[in-house]
Protein chains: 2
Amino acid sequence: MIKEYLKHKFKNFEPALMEKIEQNASIKEFEPDEILMTTGQYFRSTMLVVEGRIKLYREGPEGGEFFMYYLEPGNACALSMICAAKKEASEIMAKAVEKTKVITLPIELMDDLMRNYKTWYYFVLETYRSRYEELLVVIDHIAFKGMDERLDFYLRNQVMKLQTKELKITHSEIASDLSSSREVISRLLKKMEQKGDLLLHRNYIEWLR
Amino acid sequence: MIKEYLKHKFKNFEPALMEKIEQNASIKEFEPDEILMTTGQYFRSTMLVVEGRIKLYREGPEGGEFFMYYLEPGNACALSMICAAKKEASEIMAKAVEKTKVITLPIELMDDLMRNYKTWYYFVLETYRSRYEELLVVIDHIAFKGMDERLDFYLRNQVMKLQTKELKITHSEIASDLSSSREVISRLLKKMEQKGDLLLHRNYIEWLR
DNA sequence: CAATCAGGGTGACAAATGTCACCGCCAGGT
DNA sequence: ACCTGGCGGTGACATTTGTCACCCTGATTG
């Protein structure tokens, strides 16, 4: 079972590594909206996503959920690897947005994997690099762009990631993800509708581009 | 020479690792304002800072230099390790703010170091983790705080890092670092002066807290 | 059906930030 | 001494974003 997942979602792992993981890992499931990780929490295992989708976000002072990126099958949580290795607390929130399955690896294994399996070590570095780059993109947007552009980017990203042009999301949720307020988002969405970029419906948005 | 630097600035490296580095590394110097790394550039070596200070920033559309963090002696450039390993381009700018010396290591060495020197592998992970956390702090600030708080934090950080209460920095530079405009910064600085937090002088700011 | 509630629209206003124009001051160069 | 350029102060104004109040509509539930 675990081996099947590895073969499909983590194709680059060398066979011996898959073997090793299979012998030591277990599978965990999360329901939609279930929280995987919370600010200040310690890790005891590293997680490899094999099914579903996880939202990584930063909690705002008044409960906002500032969206950073998704983890999808084939991804791993960079922090769970780093913090696991260093036994440090995380500073980020992770929440399942769909029914999600992850392979969990005890942190004690990290050293062994890192030094004896080249494909693991490459995978870890690549994971860090890509998460780091995603943060840079986030920073670019909030530092240099207005809310209109950020909203446009956000919606395009959702359409792409969720593979659908009918986004079932409320204005309030978008506002929370962008750290803004519902009214602002509503106004901007209306402008985009007038430009012909999308159609507003009750409870969902239809993307037209 | 290199060994001396390693002993003082990278105390945690095991002796054999220091030996190995010494045999393969060389030293590079940078003058103030010299650019070490630019968007889209490829790496051929990993860098360990042993003297001076490097500013890491993101370039804005109109030439702003959005400040992210400093690298100091004992630090390494996370991206130079990651991008080096993956032969990918970087997306960040690095500029010396003081006369700076770095130890450069050919990327070909990375694999060897990573798997044969435990202290190196810990060092790399710790480097990633702390850079990642610094980005999270940056995001927190621009996502959730107003310019006044960001300015306050920025100045406190400068005082701490530069070890002086007399900050030789112009209002325009601060504005660029925070992706704002000179007038806004001037106004906020004046407010802080009225509150008694600092004194404004020509060409420098005196921190009073 | 009536009551309730979440999602959403809207106008008025406030606050923060960006922009423009223009001024004065000081330091360095000639 | 004079010019010039960089730094900074300031008022007026535009724009963007946040906030408040209130309404409407459709879905759900008792």
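Throughout, a chain's letter reflects where its sequence line sits, starting with A, and its residues are numbered from 1. Basis for what follows: all heavy atoms, side chains included, without hydrogens, waters or symmetry-related copies. Since the model is a prediction, treat every value here as computed from it, not as a measurement.
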Next item on the list: Using atom CG of B/Leu189 as one end and atom P of D/dT10 as the other, report the distance to the nearest whole Å.
Entry: 12 Å
Next item on the list: List in chain and number order the residues that pass side-chain hydrogen bond (donor to acceptor under 3.5 Å, both in side chains) with B/His201, two or more places apart in sequence or in another chain; answer none if no residue qualifies.
Entry: B/Glu206
Enumerate the protein-to-nucleotides 14-17 of chain C contacts in which both atoms are nitrogen or oxygen and the separation is below 3.5 Å.
residue, atom, partner, partner atom, Å
C/dT17, OP1, B/Met147, N, 2.7

Check: Say you draw a straight line from CG of B/Leu17 to CG of B/Leu113; how long is it, rounded to the nearest 0.5 Å?
Finding: 6.0 Å
Checklist line | Matching residue for A/Tyr70 among A/Lys55, A/Arg53, A/Gln158 - test: side-chain hydrogen bond (donor to acceptor under 3.5 Å, both in side chains) | finding: A/Gln158
Notebook entry, point to check: Listed in order of residue number, which residues of residues 200-209 of chain B have a non-hydrogen atom at under 4.0 Å from DNA chain C?
Noted result: B/Arg202
Check: Under 3.5 Å, side chain of B/Ser176 to main-chain N/O of B/Ser172, donor-acceptor pair present?
Finding: no
Margin query: Quick check with a 6.0 Å cut-off and a 45 degree axis cone: is B/Lys9 positioned over the face of B/Tyr5's six-membered ring?
Written below: no
Note to self: Measure CG/A/Leu178 against P/D/dT16 and give the value in whole Å, please.
What the structure shows: 17 Å
Item checked: Terminal axis angle for the helix from C/dC1-D/dG30 to C/dT30-D/dA1, five pairs an end, nearest 10 degrees -> 20°
Item checked: B/Arg182 CZ to D/dG5 C1', straight-line distance once rounded to whole Å -> 14 Å
Note to self: Less than 4.0 angstrom between a side-chain N/O of A/Lys190 and OP1 or OP2 of C/dT10, yes or no?
What the structure shows: yes
Next item on the list: Ignoring hydrogens and angles, tell me if any N or O in the side chain of B/Thr46 forms a donor-acceptor pair with the backbone of B/Ile107 under 3.5 Å.
Entry: no
Next item on the list: Would you sort out whether B/Ile103 and B/Leu6 count as a side chain to side chain contact (heavy atoms under 4.5 Å, CB included), showing the intermediate values?
Entry: CA-CA 9 Å; B/Ile103 296 178; B/Leu6 291 173; 3.8 Å; yes
Item checked: Stretch residues 165-177 of chain B: residues that reach within less than 4.0 Å of DNA chain D through a heavy atom -> B/Thr170, B/His171
Item checked: Between B/Asp177 and B/Tyr154: side-chain donor-acceptor atoms closer than 3.5 Å -> yes
Next item on the list: Not counting sequence neighbours, list each pair that qualifies as a side chain to side chain donor-acceptor pair (under 3.5 Å) and has a residue in residues 134-150 of chain B.
Entry: A/Arg58-B/Asp140, B/Arg131-B/Glu134
Check: Would a distance-only check, ignoring hydrogens and angles, find a side-chain to backbone donor-acceptor pair under 3.5 Å from B/Thr104 to B/Ser45?
Finding: no
Next item on the list: Using a 4.0 Å heavy-atom cut-off across all strands, classify A/Ser186 as base, sugar-phosphate, or nothing.
Entry: sugar-phosphate
Item checked: Pair A/Lys190 + A/Glu193, salt bridge at N-O below 4.0 Å -> no
Checklist line | Test: A/Lys99 and A/Glu29 ion pair at under 4.0 Å | finding: yes
Next item on the list: Please determine if A/Asp152 and A/Arg209 form a salt bridge, counting it only when a charged side-chain N lies under 4.0 Å from a carboxylate O.
Entry: yes
Notebook entry, point to check: Rounded to the nearest Å, what distance is computed from the CZ atom of residue A/Phe144 to the P atom of nucleotide D/dT16?
Noted result: 19 Å
Next item on the list: Take atom CD of B/Glu183 and atom P of C/dC20, then tell me their distance rounded to the nearest Å.
Entry: 9 Å
